[in-house]
Undergrad: 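To start, I am sharing the structure in question, which I have written as structure tokens.
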Amino acid sequence: MTDTLREAYRLMRTIRAFEERVHDEFATGEIPGFVHLYAGEEASATGVCLHLDDRDTIAGTHRGHGHCIAKGVDVKAMMAEIYGRKTGTCHGKGGSMHIADLSKGMLGANGIAGGGPPLICGAALAAKQQDTGGVGVAFLGDGAGNQGTTLEALNLASAWHLPAIFVAEDNGYAEATSSAWSVASDNLADRAAGFGMPGVIVDGFDFFAVHEAAGEAIGRAREGGGPTLIEVRFTRYFGHFDADQQTGRDGEAAHENLDCLKRFRARVADGGEPAEHVLDDIDAEVAKLIEDAVSEAKAAPKPTRDDLETDVYVSY
Amino acid sequence: MTDTLREAYRLMRTIRAFEERVHDEFATGEIPGFVHLYAGEEASATGVCLHLDDRDTIAGTHRGHGHCIAKGVDVKAMMAEIYGRKTGTCHGKGGSMHIADLSKGMLGANGIAGGGPPLICGAALAAKQQDTGGVGVAFLGDGAGNQGTTLEALNLASAWHLPAIFVAEDNGYAEATSSAWSVASDNLADRAAGFGMPGVIVDGFDFFAVHEAAGEAIGRAREGGGPTLIEVRFTRYFGHFDADQQTGRDGEAAHENLDCLKRFRARVADGGEPAEHVLDDIDAEVAKLIEDAVSEAKAAPKPTRDDLETDVYVSY
Amino acid sequence: MRTISYREAINEALAQELERDESVIVMGQDHPWGGVLDVTAGLFSRFPGRVLDTPISESAFVGAAIGAATRGQRPVAELMFIDFMGVGFDQIFNQAAKFRYMFGGNVRTPVVIRTMYGAGLRAAAQHSQCLYPVFTHVPGLKVVVPSSPYEAKGLLIQAIRDDDPVIFCEHKALYDTRGEVPEDSYTIPFGQANVVRDGGDVTIVAIGRMVAMAEEAAKELAANGVEAAIIDPRTTSPLDTGTILESVGNTGRLVVVDEASPRCNLATDISALVAKEAFGSLRAPIEMVTPPHTPVPFSDVLEDLYIPDAQKVLNAAKAVVEYRR
Amino acid sequence: MRTISYREAINEALAQELERDESVIVMGQDHPWGGVLDVTAGLFSRFPGRVLDTPISESAFVGAAIGAATRGQRPVAELMFIDFMGVGFDQIFNQAAKFRYMFGGNVRTPVVIRTMYGAGLRAAAQHSQCLYPVFTHVPGLKVVVPSSPYEAKGLLIQAIRDDDPVIFCEHKALYDTRGEVPEDSYTIPFGQANVVRDGGDVTIVAIGRMVAMAEEAAKELAANGVEAAIIDPRTTSPLDTGTILESVGNTGRLVVVDEASPRCNLATDISALVAKEAFGSLRAPIEMVTPPHTPVPFSDVLEDLYIPDAQKVLNAAKAVVEYRR
Ligand SMILES: Cc1ncc(C[n+]2csc(CCOP(=O)(O)OP(=O)(O)O)c2C)c(N)n1
Ligand SMILES: Cc1ncc(C[n+]2csc(CCOP(=O)(O)OP(=O)(O)O)c2C)c(N)n1
Ligand SMILES: [Mg+2]
Ligand SMILES: [Mg+2]
């Protein structure tokens with residue numbers, strides 16, 4: 001368990017440090033396009049993905065860096081991708097919203113709200129056909145919970161009795177639109193019953209709560225018990241995309257009180273394991289990793305004209 | 001009330017006679033394309049539409065003749081349309097699956113499963129904007145209840161607090177696929193809660209049950225109480241489209257016991273009103289109407305080359 | 001050689017690939033009962049667990065086929081009518097088509113989406129469209145439009161073995177057409193047109209069911225001493241531009257026959273190709289034979305007028321042959 | 001005249017029509033807050049109850065706009081990025097586009113779907129597409145692609161007053177472009193191209209943002225003594241074929257510049273039109289300047305190579321002008 005806790009902390013800290021650094025770097029204007037930051041939601045990806053292994057596949061969202069890191073995608077290659085470099089996860093062709101690494105079971109961040117859930121039905125179906133005991137996990141935002149592709153996927157997962165888990169990350173807003181308004185039921189989890197699966201709600205700042213609920217759902221899925229909808233709730237830190245009007249940012253106070261890392265530290269301090277200095281060491285290691293990731297990304301070559309027309313097809 | 005009952009019977013009988021005749025005529029090969037028959041489901045369209053008036057709009061399904069007749073679309077023009085004649089509701093350009101009459105508040109049968117529910121959100125929105133007290137009613141099949149367009153529409157109707165009613169006609173099958181399998185919850189009505197609206201289930205062979213449930217929902221919608229999902233249950237008579245393998249036909253027995261017209265007659269016999277001979281007269285009138293409709297349709301002119309490229313745009 | 005129908009050819013291709021490769025799975029509405037027009041008849045019971053029924057949830061099950069393709073399966077999903085693409089297109093064009101490029105080459109998505117297209121069955125505006133130009137427009141997709149039972153079998157087997165996403169467009173009015181088809185498994189490579197007929201006077205490029213219209217017209221032309229070459233591209237993406245350009249190089253005259261709506265369709269695509277690449281050999285305007293810019297009408301009279309037929313192809317061919325500057 | 005941005009021109013058109021006609025309503029994601037790139041800023045509070053927020057349910061709210069249009073409203077719905085058409089296309093192409101024909105002329109559907117298209121913002125493969133060729137392909141839709149603030153305002157007002165469904169495609173990289181725009185309300189009729197520049201040596205037809213690329217190239221050409229006519233069709237459906245054919249009649253040379261993917265796009269459509277209708281005046285191959293057949297890449301280096309630019313237009317124009325048989 002201590003190993004798991006260390007790993008949990010390391011992942012959450014890595015995501016946080018990655019996102020805070022991307023936030024700073026984006027402000028310099030060197031990162032092209034848009035970035036959507038996962039900072040604050042670390043406990044969700046981490047609590048879920050710690051249960052996963054090579055047999056399993058996840059699909060992320062447009063706010064996908066955290067999902068990637070939690071599923072083991074290389075942090076340096078991710079940073080290079082965000083900078084549009086040839087050394088990036090996608091050789092600079094995808095960018096922040098399309099980081100994927102199939103070899104790690106990461107089927108991609110996704111620029112389409114609701115893009116992931118159907119795909120994950122497929123990953124779960126493949127696991128079932130191949131009898132690997134693997135599962136598929138689709139992360140989605142509260143806003144994407146109103147997209148027909150998501151709702152259909154919930155029903156299909158049940159009809160096919162798939163080892164699929166849908167993690168609805170309700171951070172209160174889709175861009176500036178509140179989930180209290182856009183989700184007509186009180187909770188996204190209320191939709192689960194209409195699609196014949198269990199629905200649970202957990203506190204997204206509490207790694208332990210997420211970890212436990214995910215463990216139960218994933219365990220059930222592996223044993224042939226079918227899909228689950230987990231609603232993970234939190235308050236958004238930053239604006240929708242970085243550098244926007246910061247609507248939905250519920251003030252600095254939220255940052256203080258609603259922080260999975262602080263809560264995690266407080267909780268493990270009670271138990272005594274992992275020791276504080278271990279966590280501090282992780283902080284330092286992560287800081288260095290991110291520092292290296294940024295400097296290597298900046299130094300890395302950009303793609304060239306030769307790369308423009310490759311990788312469209314396997315053969316054509 | 002006697003008037004309403006007479007009208008109810010007349011509508012149901014008209015639909016039944018229309019569909020049985022189309023069934024026979026289709027067998028002769030003179031009707032082009034495909035027809036999907038509503039026979040057996042008359043109580044649904046009738047029970048709902050009797051509450052509607054000029055302010056109100058409905059959207060039908062591919063199995064749409066009954067919805068059209070119940071909303072007052074001209075029966076002779078419908079028959080001519082099914083025969084592809086110039087005198088048809090759509091001048092022969094639409095056919096069975098696309099009969100519409102906006103002047104009667106009928107926004108079209110629809111070849112797309114789940115095509116109607118979004119449109120009806122719009123009709124309800126227009127009624128709300130124009131403050132007419134009107135409502136929109138979308139009919140949909142059990143199969144279409146799994147289509148994302150339908151599911152999104154449920155949520156939107158709630159979020160916008162629209163005067164919209166969704167009538168899910170569960171006849172047990174979508175083509176040959178049973179709703180018990182394809183609808184992952186026990187009932188389609190179970191989905192209502194997940195979209196913040198009431199959901200009710202009624203017996204589709206019982207005109208009175210449908211009429212009562214629809215009255216309540218429509219009344220609530222007119223008064224600003226928002227949308228409702230009504231699940232109407234029955235067993236399908238014929239095959240999916242006429243002349244197919246008749247999968248899903250649960251035998252002749254169903255025809256005997258599960259018949260809204262027979263039940264209606266039995267029930268009003270108890271009450272004494274309308275008198276049996278009144279109903280018999282209606283049967284005769286309807287029989288003549290359908291006979292005339294068919295002979296006029298057969299005699300009507302077909303469209304010509306001049307009609308091919310008209311009516312694509314209002315202006316181009 | 002034995003003669004079977006287009007429907008049977010497709011069914012046989014599916015069966016042989018299901019037999020050959022464990023990773024092949026097949027899914028679509030009503031598949032346990034052979035699907036809407038019996039194309040998948042018998043497969044459900046013959047390959048237990050590998051032929052799946054689906055709810056009417058095109059985004060979800062087409063997306064699932066795509067997701068499964070990235071995870072080691074070779075799914076064949078049926079979009080019953082191509083007209084239904086509107087409720088499942090995102091998964092096809094933003095997901096499957098773009099994965100490989102967006103992910104820097106680190107994924108294969110060997111999915112086949114079988115779908116019925118075309119007019120002729122009085123099925124009206126929402127069940128008669130062609131729409132393959134829309135898929136052809138999208139980089140990352142391959143698009144197949146088989147014109148005969150022989151083509152259908154060989155191209156479908158190729159599609160299933162192909163490592164890219166393939167849209168396989170079956171003309172619903174061809175299902176009962178019969179033709180010679182080898183019993184053994186075989187593939188027809190993508191991007192290789194079939195020269196249906198040789199001829200030095202005019203080149204007719206025709207897509208899918210339109211190949212038959214071109215053949216009828218060519219017979220009539222031959223009776224009048226005009227020899228038409230007929231080219232069936234078989235796949236619209238990739239397109240065998242070489243064969244088309246070579247033929248126009250010989251004939252100097254081109255007619256393109258496309259059942260799709262006339263704007264931004266394959267007729268314009270192939271005309272433009274030739275106007276750019278073979279201008280020097282062109283001796284007449286390029287004629288396009290297509291339906292008018294209208295939805296597909298229901299009435300039999302109107303639908304018959306709508307669909308390009310042999311007579312229209314003949315007229316167009318005559319016009320380009322007789323053209324003098 | 002006063003100068004405003006493309007963004008402001010669109011906002012002003014919406015405001016003036018909301019003001020003028022009670023039946024106009026406006027809807028889209030985040031509309032209470034001005035939408036994603038501030039295009040609808042201020043309208044929500046200025047027109048209470050007539051500017052609606054929507055969930056991320058494109059089928060439902062685009063469909064609702066369409067349904068409302070059949071019932072007396074003139075809705076303007078925003079599909080935030082045109083790339084999101086894949087989750088709402090059915091309502092647009094099978095419902096709105098076909099109603100009038102399927103229903104025998106007995107309906108009007110005056111809906112406008114505003115949507116952002118185009119590359120240049122490093123927004124990658126799912127947020128940078130053009131896709132107007134797909135809408136142009138569909139009979140029953142009108143498609144507008146404004147190239148400047150002046151065009152944007154006049155065409156949007158026309159779109160709102162128009163009785164048919166209109167897809168209004170705004171290039172996201174043009175929002176900050178400024179230009180002279182009258183304060184009063186005005187309309188620009190559909191199907192009338194703008195002759196941006198006269199010239200007798202070569203005709204350049206360019207769509208949307210590509211008009212600017214063509215203008216840059218034309219300056220360079222003029223410096224070399226070549227006078228290019230530039231035609232901005234403004235609407236791709238209906239298309240002003242007359243103006244294009246007339247110009248090619250004069251110049252005998254054509255370049256079409258289209259930012260859309262190269263297969264079955266507007267470049268092929270217009271090339272094919274000319275190869276059929278103006279073959280007699282053509283003196284050179286028709287050149288098309290388009291991106292390659294790939295998704296839109298993320299990296300700035302690659303995206304810059306991807307997008308057609310003035311240099312590519314210049315090269316194409318030179319090639320056709322210098323062409324000798
Ligand atoms: C189909 C679709 N519609 C709209 C958008 C534009 N968009 C991008 S992110 C976003 C908000 C998403 O909200 P949510 O799902 O709650 O995720 P969050 O950003 O809060 O993590 C929207 C509307 C999109 N990407 N895809
Ligand atoms: C989007 C879409 N997918 C598939 C179809 C093909 N289809 C036509 S009717 C039908 C079954 C519909 O079942 P249901 O909604 O239960 O209506 P019923 O026929 O039982 O009245 C199907 C699958 C369609 N028309 N539209
Ligand atoms: Mg959110
Ligand atoms: Mg049904």
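Source: prediction; values computed, not measured. Below, read A as the first sequence line, B as the second, and so on, with proteins coming before strands; counting in each chain starts at 1. Side chains are part of it too, since the values below use all heavy atoms of this structure and drop only hydrogens, waters and symmetry mates.
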Undergrad: Using heavy-atom distances under 4.5 Å, tell me whether D:Q129 contacts chain C through its side chain, its backbone, both, or neither.
TA: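 Side chain only.
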Undergrad: Tell me, for D:V320 versus chain C, whether the close heavy atoms (under 4.5 Å) come from the side chain, the backbone, both or neither.
TA: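 Interface part for D:V320: neither.
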Undergrad: Tell me, out of C:F84, C:F89, C:F279, who's got the most heavy-atom pairs with chain D below 4.5 Å.
TA: C:F279
Undergrad: Considering all heavy atoms of both residues, which atom of C:N94 and which atom of D:D83 are nearest to each other, and what is their separation?
TA: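 In terms of heavy atoms, the two residues are closest at ND2-O, 2.8 Å.
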Undergrad: Could you report the tightest heavy-atom contact between C:S271 and D:A272, atom names first, then the distance?
TA: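 Reported closest heavy-atom pair: CB-CB, 3.6 Å.
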Undergrad: With rounding to the nearest 0.5 Å, note down the distance linking CZ in C:R263 to CG in D:L266.
TA: 6.5 Å
Undergrad: Given heavy-atom pairs under 4.5 angstrom as the criterion, report whether the side chain, backbone, both or neither of C:V296 touches chain D.
TA: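 Only the backbone of C:V296 comes within 4.5 Å of chain D.
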Undergrad: I need the residue from D:A275, D:G280, D:A124, D:S59 with the largest number of non-hydrogen atom pairs under 4.5 Å to chain C.
TA: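 The answer is D:A275.
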Undergrad: Taking all non-hydrogen atoms of both residues, which atom of C:Y101 and which atom of D:P297 are closest, and how far apart?
TA: OH-CB, 3.6 Å
Undergrad: Within the structure provided, determine whether D:F93 and C:L131 are in side-chain contact (heavy-atom separation under 4.5 Å).
TA: yes
Undergrad: Of all the heavy-atom pairs spanning D:N265 and C:C264, show the shortest one and how long it is.
TA: O-SG, 3.6 Å
Undergrad: To the nearest 0.5 Å, tell me how far C:T268 OG1 sits from D:I270 CD1.
TA: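 Result: 10.0 Å between the selected atoms.
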Undergrad: Report, by ascending residue number, the residues of residues 135-144 of chain D in heavy-atom contact with chain C at a distance under 4.5 Å; give 'none' if the set is empty.
TA: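 The list, in residue order, reads D:T136, D:H137, D:V138, D:P139, D:G140.
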Undergrad: Side chain from CB out, backbone as N, CA, C, O: work out which of these in D:P262 comes under 4.5 Å of a heavy atom of chain C, or both, or neither.
TA: backbone
Undergrad: Using heavy-atom distances under 4.5 Å, tell me whether D:T294 contacts chain C through its side chain, its backbone, both, or neither.
TA: both
Undergrad: By number, which residues in residues 282-293 of chain D have some heavy atom less than 4.5 Å away from chain C?
TA: D:L282, D:R283, D:A284, D:P285, D:I286, D:E287, D:M288, D:H293
